[in-house]
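Quick caveat: nothing in here was measured; it's all calculated off a predicted structure.
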Amino acid sequence: MTAQISIPSAAPAAQQRHTTAPVARAEPVVRRGSFWRIRGELSRRSAWLLTGAGLSLPFVVWWLWTALGLADPMFMPSPGAVLERIGRWWTSEGLLGDIGISVWRVMAGFGASALIALPLGLYIGTYRPVQAFLEPLTDFIRYMPAVAFIPLVMLWVGIDEGSKVLIIFIGTFFQMVLMVAEDVRRVPMAQIEAAQTMGANRSEIVKLVILPSAKPALLDTLRITCGWAWTYLVVAELVAANSGLGYAILKAQRYMHTDKIFAGILLIGLIGLITDQAFRWLHRRAFPWMRK
């Protein structure tokens with residue numbers, strides 16, 4: 001015969017006041033002297049001002065350097081000349097097509113890498129036998145430069161779009177596997193033991209405990225490795241390309257068009273920044289409970 005334990009409820013009036021009272025959203029309080037505090041808070045206005053200053057400072061220095069005549073325009077064009085070149089590239093040289101094909105190559109290589117690296121890293125981080133079998137090999141391959149694979153990729157795949165996607169895949173896959181495995185290993189063992197105590201089996205622990213707990217870190221890993229994918233774009237477009245931002249930079253190098261080189265580099269950085277901010281926005285939307 002089992003005894004049932006009943007916990008007395010709170011007073012009805014107090015409970016009614018608690019449920020009907022509107023809940024105001026707490027805003028972070030920025031205290032005086034917290035500007036230089038370790039992991040302190042910043043007001044939104046201060047954050048935007050510092051962000052704008054940090055992004056503008058290199059361009060201001062660049063403009064002053066060229067305006068004062070301290071650099072040869074052939075080797076360092078002014079910001080105005082670079083903007084003018086971007087305008088000509090847009091109107092008469094197919095900039096939109098170059099951006100489109102480069103974005104497709106990067107996202108195809110990154111997407112294929114994530115599709116395989118996420119489950120593989122999950123198993124490496126969860127099961128010690130898989131870690132002992134695959135992690136040393138992954139560590140070994142990830143130190144090989146992606147550029148060194150270009151001759152083999154051309155022999156195996158050819159010179160079509162698949163070879164460019166494969167170079168980006170090689171450049172991001174092995175690092176992504178190890179980072180995913182490390183994210184999974186950071187899941188507290190106490191959560192796993194609690195699930196085992198409640199009778200969960202291995203698949204339930206992976207599906208209901210490890211994966212949900214690791215999701216915020218996994219999304220950050222995808223954001224970081226997507227940035228790496230963009231750094232391999234110029235390398236990928238070495239493989240017999242006739243379009244794309246990386247190809248345009250390499251072609252401009254042959255003819256000493258440094259204004260177009262600067263334009264291509266800035267455009268890649270801008271697209272990468274937009275991609276990074278999109279991942280951050282997705283992280284805030286998917287995991288609002290992580291915000292202070």
Flag yes if [X] and [Y] sit in one hydrophobic cluster, no otherwise; membership is Ile, Leu, Val, Met, Phe, Trp, Tyr, and two members link when side-chain heavy atoms are under 4.5 Å apart.
{"X": "Met198", "Y": "Leu211", "result": "no"}
{"X": "Ile271", "Y": "Trp90", "result": "yes"}
{"X": "Ile224", "Y": "Phe110", "result": "no"}
{"X": "Ile159", "Y": "Ile150", "result": "yes"}
{"X": "Val206", "Y": "Val209", "result": "yes"}

Q: Give the intermediate values and the outcome of salt bridge (Lys or Arg N to Asp or Glu O under 4.0 Å) for residues Glu93 and Arg85.
A: CA-CA 10 Å; Glu93 299 176 13; Arg85 182 67 188 198; 3.6 Å; yes

If you round to the nearest 0.5 Å, how far is [atom2] of [Y] from [atom1] of [X]?
{"X": "Ile210", "Y": "Arg186", "atom1": "CD1", "atom2": "CZ", "answer": "15.0 Å"}
{"X": "Lys215", "Y": "Asp183", "atom1": "NZ", "atom2": "CG", "answer": "14.0 Å"}
{"X": "Ile265", "Y": "Leu270", "atom1": "CD1", "atom2": "CG", "answer": "14.0 Å"}
{"X": "Leu122", "Y": "Leu218", "atom1": "CG", "atom2": "CG", "answer": "8.0 Å"}
{"X": "Ile86", "Y": "Asp259", "atom1": "CD1", "atom2": "CG", "answer": "9.5 Å"}
{"X": "Leu134", "Y": "Ile124", "atom1": "CG", "atom2": "CD1", "answer": "5.0 Å"}

Sub-4.5 Å side-chain heavy-atom contact between [X] and [Y]:
{"X": "Ile249", "Y": "Ile268", "result": "yes"}
{"X": "Ile101", "Y": "Glu161", "result": "yes"}
{"X": "Ser243", "Y": "Arg105", "result": "yes"}
{"X": "Ile170", "Y": "Val153", "result": "yes"}
{"X": "Met154", "Y": "Ser163", "result": "no"}
{"X": "Met107", "Y": "Thr275", "result": "yes"}
{"X": "Val147", "Y": "Ile167", "result": "no"}
{"X": "Gln277", "Y": "Arg280", "result": "yes"}

[X] side chain vs [Y] backbone, donor-acceptor pair below 3.5 Å:
{"X": "Thr225", "Y": "Leu222", "answer": "yes"}
{"X": "Thr258", "Y": "Ile261", "answer": "no"}
{"X": "Thr66", "Y": "Trp63", "answer": "yes"}
{"X": "Glu204", "Y": "Asn201", "answer": "yes"}
{"X": "Thr91", "Y": "Gly87", "answer": "yes"}
{"X": "Asp72", "Y": "Phe75", "answer": "no"}

Taking everything shown except [X] itself, do over 12 heavy atoms lie less than 6.0 Å from its [atom1]?
{"X": "Tyr123", "atom1": "OH", "value": "no"}
{"X": "Met189", "atom1": "CE", "value": "yes"}
{"X": "Ile141", "atom1": "CD1", "value": "yes"}
{"X": "Tyr127", "atom1": "OH", "value": "yes"}
{"X": "Arg254", "atom1": "CZ", "value": "yes"}

Q: Let me see the working for His283 and Phe287 under ring-ring contact (aromatic ring centres under 6.0 Å, His included), right down to the final yes or no.
A: CA-CA 6 Å; His283 194 283; Phe287 313 109; 5.2 Å; yes

Q: For Trp89, check side chain to side chain donor-acceptor pair (under 3.5 Å) against everything at least two apart and list the hits.
A: Asp98

**Q.** Stepwise side-chain contact (heavy atoms from CB on, under 4.5 Å) test for Ile116 and Phe169
**A.** CA-CA 10 Å; Ile116 303 174; Phe169 174 88; 4.1 Å; yes

Q) Under the side-chain contact (heavy atoms from CB on, under 4.5 Å) test, which residues partner Leu266, sequence neighbours left out? A) Phe59, Trp62, Val82

Q | Those residues that, when tested against Ala81, pass side-chain contact (heavy atoms from CB on, under 4.5 Å) (two or more places apart) | A | Pro77, Ser78

Q) What do the steps show when you test Trp230 against Val103 for side-chain contact (heavy atoms from CB on, under 4.5 Å), and what is the final call? A) CA-CA 9 Å; Trp230 276 104; Val103 170; 3.7 Å; yes

Q: Evaluate the criterion side-chain contact (heavy atoms from CB on, under 4.5 Å) for residue pair Leu178 and Phe174; output intermediate values, then yes/no.
A: CA-CA 7 Å; Leu178 295 177; Phe174 299 99; 6.0 Å; no

Q | Ala146 versus Gly171, closest heavy-atom pair with distance | A | CB-CA, 4.2 Å

Q: Could you tell me whether Arg185 and Glu182 make a salt bridge, using a distance below 4.0 angstrom between a side-chain N and a carboxylate O?
A: yes

Q. Please walk me through it: do Lys164 and Glu237 pass salt bridge (Lys or Arg N to Asp or Glu O under 4.0 Å)?
A. CA-CA 6 Å; Lys164 302 164 186 59; Glu237 292 181 344; over 6 Å; no

Q. Going through the checks in order, is the salt bridge (Lys or Arg N to Asp or Glu O under 4.0 Å) test met by Glu84 and Lys260?
A. CA-CA 10 Å; Glu84 183 181 352; Lys260 194 168 186 177; over 6 Å; no

Q. After noting the C-alpha distance and the side-chain angles of Thr126 and Val187, does the key distance pass the side-chain contact (heavy atoms from CB on, under 4.5 Å) rule?
A. CA-CA 10 Å; Thr126 303; Val187 175; over 6 Å; no

